[in-house]
Amino acid sequence: MPDSFLDDLTAAQREAVTHVDGPLLVLAGPGSGKTRVITFRIVHLLRHGVRPWQILALTFTNKAAGEMKQRVDRLAPDNRVWISTFHSLGVRLLRHYADRLGLDRNFTIYDQADRVRMVKSAIESCGIDNVRFTPETIQTAISKAKNQLLLPARYAAKANDFFSQVVAQVYAAYEKKMRDANALDFDDLLLWPALALQNDAELRAELDARFRYVLVDEYQDTNQAQYEIAKGLSQDFPNLCVVGDPDQSIYKWRGADLRNILDFEKDFPNARVVTLTENFRSTKAILAAADGLIAHNVKRKAKTLVTANQAGKPVATLLFETGVDEAEQIAARIQAELAAGRRHYRDFAVLVRITALTRGLETAFLRQRVPFQIVRGLAFFERKENKDVLAYLRLLLNPRDDISFLRIVNEPARGIGKTSLDHLQRYAEPRQLSLHDAAVAVEKIPEIKGKAAAGLRNFIRLMHDLRSLLEHAPDEVIRAVLERSGYLEALAASDDREDEDRVGNVKELITAAHQFHQEDPNRTLADFLENITLASDVDSWDDKQNCVAVMTLHAAKGLEFPVVYLLACEQGILPHERSLNQDEELEEERRLAFVGMTRAKEELYLTHCRLREFRGQTNYQIPSMFLDELPASVAFEDLSASGSGGPKALDRWRSGLATASRGWYETGEFAARSAATKPRAAAATADAAVYREGMLVQHETYGVGRVTSVTGHGALRKVKIHFRQSGERTFLADKARLTVVAKE
DNA sequence: ATCCAGTACGTTTTT
DNA sequence: CGTACTGGAT
């Protein structure tokens with residue numbers, strides 16, 4: 001069969017694609033056709049007699065895996081190549097080899113929030129009170145340990161400062177609780193397979209032989225556990241192909257270890273190395289700017305990026321007066337491009353360092369009617385009502401899941417309060433019982449009686465009844481949960497307007513489950529839950545919609561857009577303040593900026609502003625040090641004078657500042673309370689008293705909405721308003737620009 | 001047991 | 001500026 005599909009490749013790409021046996025390292029700069037190389041190489045292997053099930057391709061996000069699958073399918077239909085994320089592979093292996101590893105096959109996967117609760121509970125059971133470390137801090141330390149394959153015993157042995165000793169103690173208790181709850185966290189999904197490959201020679205050999213050709217995408221972001229997995233699967237059949245770019249490593253904070261890619265040639269001495277430097281994505285201008293920036297990283301193998309593309313428009317930095325101007329003017333510029341017929345909405349991406357910055361964009365885009373999609377955490381599944389329903393499902397599948405038990409045992413209210421739950425826990429703990437099993441034996445707990453005991457009995461009966469439905473389609477199980485638990489009824493009976501939305505959301509959850517089942521009827525309820533927990537934010541990104549993309553720099557990795565705005569290039573934001581004191585962290589921030597810049601194909605704008613309101617404070621911003629590092633070819637535009645607030649806003653702020661705070665400049669305290677809030681408060685109090693629940697009001701951005709609640713007094717009086725489009729919003733009564741439409 | 005209001009707290013990036 | 005928890009009132 002002629003390999004005509006190779007014709008369009010460059011010499012370097014072809015070298016990587018046609019490499020069959022032995023280790024291969026592909027160093028691929030941005031836009032150098034990395035994904036293409038991986039997919040083509042898979043197809044090439046298939047055409048040269050490698051059996052599909054002998055190939056394993058690993059990615060970091062489901063979206064990347066899905067896209068790769070699609071592209072391989074197009075060239076080689078009906079293949080059965082295993083393409084998945086590291087975490088999905090981990091789950092599959094752990095469920096398959098559960099017995100051998102001493103795990104219960106029905107384990108629940110705990111997400112970030114669950115883990116923190118678990119750490120909290122572990123801290124309590126260690127009897128550590130008055131800890132000055134937050135559960136989150138300790139959780140991060142545990143996660144880091146797991147990424148380095150350190151189990152509690154080995155971690156404790158190495159703990160030689162107070163913090164690590166506290167962590168060691170909590171870590172051990174946490175692990176015990178996780179086993180008792182039959183739960184695994186995200187890190188376990190990599191840690192357990194990695195340890196199994198290290199310790200079980202037979203298992204390792206079996207898997208190594210099964211997966212003879214292993215490909216790893218974004219190798220620069222692998223942590224030690226992932227490294228051990230890739231290595232373990234490539235000993236007897238060392239056909240490991242890794243693809244990555246050290247300059248795009250942006251997950252150090254999650255345990256990624258750059259040494260994995262830098263030392264690949266040491267680990268596999270006979271490895272072939274192919275470097276892809278030709279960029280097919282960006283203009284010369286964009287590439288030169290990005291290249292100029294990344295050259296400032298010291299710990300780096302230098303590599304020059306080249307492109308045969310056009311010179312293109314100059315890259316520009318744009319200065320605005322305030323963050324509001326920044327958002328408004330970007331929206332206006334996008335609308336102008338559309339009006340001129342030069343672009344579609346989907347041509348634009350606005351990238352931010354921190355999710356909090358998407359808020360201002362949302363307001364501006366809504367106001368100027370720019371369609372947009374914000375790629376951020378799966379807000380839908382994180383809503384209370386959906387989490388509640390999911391907790392029911394998790395408890396049905398895994399009765400030992402105490403976190404889920406606590407979440408729903410009194411949801412809807414069954415008369416089971418804190419006191420009763422304390423008794424239940426005090427009964428369960430010494431007997432090594434799960435809360436669920438303790439509740440089964442509620443008769444034996446004399447402290448729990450009356451309404452609480454009846455409530456627990458009802459709850460246990462409910463779970464028992466529901467469990468008989470587990471074999472049904474996921475959406476049917478959810479419907480049964482909602483109806484038999486009285487959850488839906490309680491929502492319907494409530495006169496809280498928020499609960500109306502909740503009904504809608506929960507119904508949407510049923511739809512999601514239904515679709516999931518339709519796509520592949522073999523998939524079970526457990527698969528549905530797993531899918532939700534392992535989903536990432538980028539997965540929800542729909543590139544077919546004609547919308548402006550708003551997302552974090554991390555989420556943007558691997559994507560490309562004709563026009564990119566990189567927002568808030570200011571000290572403290574990009575680079576982030578937590579990185580300012582450490583060189584290594586600072587280099588990662590620079591790589592993050594590099595990733596953002598290289599997403600652009602034709603136009604790139606780096607924006608910053610003088611004043612930014614952030615967490616309720618207005619700060620003077622210092623331009624990002626990265627802006628100074630850009631080559632001289634980058635243009636500088638000061639758009640601050642033409643902004644809606646203009647320099648007047650600055651003056652207003654300054655004059656207010658004179659009374660609010662003194663000597664801010666001298667002390668280096670750039671943070672100062674917004675001057676606007678105080679003087680205005682007194683004048684507007686009279687108006688603020690006007691709002692009443694049930695009123696219809698008009699807001700200049702969100703349109704007409706209904707007042708759902710009014711709380712607080714004077715300047716702190718708040719109105720909660722429900723808008724059809726944007727949901728619930730809260731405003732300070734005397735600050736919000738509202739007009740009353742109807743009093744009832 | 002439940003509800004609400006007031007307060008303390010912490011705010012990067014995510015499988 | 002939010003959210004999450006606590007402590008008081010019902």
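In the text below, chain A, chain B and the rest are named by the order of the sequence lines, each starting its count at 1. Just so it is clear, the values below take in all heavy atoms, side chains as well, and ignore hydrogens, waters and symmetry mates.
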Take A/D388 and A/R502 through the salt bridge (charged side-chain N to carboxylate O under 4.0 Å, His left out) test and state the conclusion after the steps. CA-CA 11 Å; A/D388 286 345; A/R502 296 212 160 115; over 6 Å; no

In whole angstrom, what separates A/I250's CD1 from B/dT14's C1'? 10 Å

Separation of C/dC1 C1' from A/N619 CG (nearest whole Å):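 About 13 Å, once rounded to whole Å.
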
Assign each of A/K451 and A/L592 the nucleotide of DNA chain B bearing its closest heavy atom; nearer the 5' end lies the nucleotide of A/K451

Along DNA chain B (nearest heavy atom to each residue), the more 5'-positioned of A/G415 and A/Y251: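 Between the two, 5'-proximity favours A/G415.
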
Minimum-distance nucleotide to [X] side chain [options: [options]]:
| X | options | value |
| --- | --- | --- |
| A/A452 | B/dT2, B/dA1, C/dC5 | B/dA1 |
| A/T134 | B/dG10, B/dA1, B/dT14 | B/dG10 |
| A/N410 | B/dT2, B/dT14, B/dT11 | B/dT2 |

Ring centres of A/W253 and A/H576 under 6.0 Å apart? no

Does A/E175 pair with A/K146 as a salt bridge, N-O distance under 4.0 Å?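 Salt bridge flag = yes for A/K146 with A/E175.
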
State whether [X] places a side-chain N or O below 4.0 Å from either non-bridging phosphate oxygen (OP1 or OP2) of [N].
| X | N | result |
| --- | --- | --- |
| A/T419 | B/dA1 | yes |
| A/S420 | B/dA1 | yes |
| A/K557 | B/dT14 | no |
| A/T552 | B/dT14 | yes |

Going by the side chain to side chain contact (heavy atoms under 4.5 Å, CB included) test, name the single residue among A/D217, A/L215, A/V216 that passes it with A/V242.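 By the side chain to side chain contact (heavy atoms under 4.5 Å, CB included) criterion, A/V242 pairs with just one of A/D217, A/L215, A/V216: A/V216.
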
